[in-house]
Amino acid sequence: MSEMIRIDKLLCEMQIGSRREIKEYAKKGRIKVNESVVKNTDLKVNPEVDKVFVDNRKIEFARFEYFMMNKPQGVISATKDEKDMTVVDLIKDNLRGDLFPVGRLDKDTEGLMVITNDGEMAHRILSPAKHISKTYFAKIDGVVTEEDVMKFSKGITLLDGTVTKPASLVILKTDGNTSEIEVKIYEGKYHQIKRMFAACGKHVIYLKRLAMGGLMLDDSLKTGEYRRMTDEELKRMTEETGSIHQ
Ligand code: URA
């Protein structure tokens with residue numbers, strides 16, 4: 001369903017300028033809606049029907065944007081940071097300026113990160129009530145045993161006494177010194193995977209998120225690469241979380 005939106009709000013959201021700048025552009029006759037020059041920025045337009053131009057350049061409108069990224073190590077999952085590069089800084093072809101990452105990965109964790117401006121969807125993905133699983137691949141310093149698998153399946157008591165929900169742990173391979181595993185958790189406590197292994201006396205040396213619910217990291221994305229999510233992926237996410245958009 002298309003909603004009417006003020007022309008200055010639309011242009012602001014599409015990062016064309018501040019409200020004040022847009023008022024100036026309008027005064028100078030630089031803004032057109034369909035065939036007409038618009039001098040009054042109170043005007044409401046229907047972004048799905050009306051064509052908006054600034055200096056004769058057509059402005060594309062997106063109410064929501066959704067990106068999937070293979071987050072690299074060394075980049076933080078935040079919007080802005082004084083010191084470090086953020087996942088939002090890595091996105092270059094966004095239309096909107098209000099993107100944020102859905103949830104957190106540690107600075108040294110790689111893998112699936114959803115970046116959007118859809119707060120409602122983010123909330124639903126992260127809501128404990130939705131039980132959206134998160135699947136990780138990890139390399140562990142130490143030999144992961146069937147006893148660890150059992151402990152994970154019952155829920156682990158972390159070193160600070162916090163108890164996690166049951167998680168499924170699969171040992172992929174182990175060579176006597178290190179192990180490769182896949183683990184699925186249903187919550188998102190701070191440093192959860194690292195702390196679960198620490199509670200078993202083991203250290204995570206590499207961690208990568210592979211999936212969030214049914215949304216799988218596109219394995220053609222190299223670390224640091226991203227792409228827009230497909231309609232199919234959005235539909236699946238919507239079905240899983242019950243999001244009202246799309
Ligand atoms: N668990 C962790 O320990 N770190 C992450 O980044 C994600 C899950």
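Note that ligands are numbered from 1 as they come in the structure, with each ligand's atoms numbered from 1 the same way. What you see is a predicted model; the values in this text were computed from it and never measured.
Backbone and side-chain nitrogen or oxygen atoms of Arg195 are examined, and none is located within less than 3.5 angstrom of a nitrogen or oxygen of ligand 1. Polar contact check, Lys194 against ligand 1: a nitrogen or oxygen pair lies under 3.5 Å apart.
Ligand 1 has at least one atom lying under 4.0 Å from a heavy atom of Tyr136.
Side-chain atoms of Asp218 and Tyr226 form no donor-acceptor pair, as typed in the model, at a separation below 3.5 Å. Using a 3.5 Å distance cut-off with no hydrogens or angles, the side chains of Tyr66 and Asp118 do pair a donor with an acceptor. Side-chain N/O atoms of Glu110 and Tyr206 include a donor and acceptor closer than 3.5 Å.
Within ligand 1, counting atoms from 1 as listed, the ones closer than 4.0 Å to a heavy atom of Thr109 are 4 (N), 5 (C), 6 (O).
Thr86 places no side-chain N or O within donor-acceptor distance of the main-chain N or O of Ser77, the cut-off being under 3.5 Å. Arg96 places a side-chain N or O within donor-acceptor distance of the main-chain N or O of Ala62, the cut-off being under 3.5 Å. Put simply, the side chain of Arg209 gets close to the backbone of Leu112: a donor and an acceptor are under 3.5 Å apart.
Closest to atom 4 (N) of ligand 1 among all protein heavy atoms lies Asp106 OD2, 2.7 Å. Looking only at heavy atoms of the protein, atom 1 (N) of ligand 1 is closest to Ile193 N, 3.1 Å.
Residue-level proximity to ligand 1 for Leu207 is carried by the side chain, the only part with a heavy atom below 4.0 angstrom.
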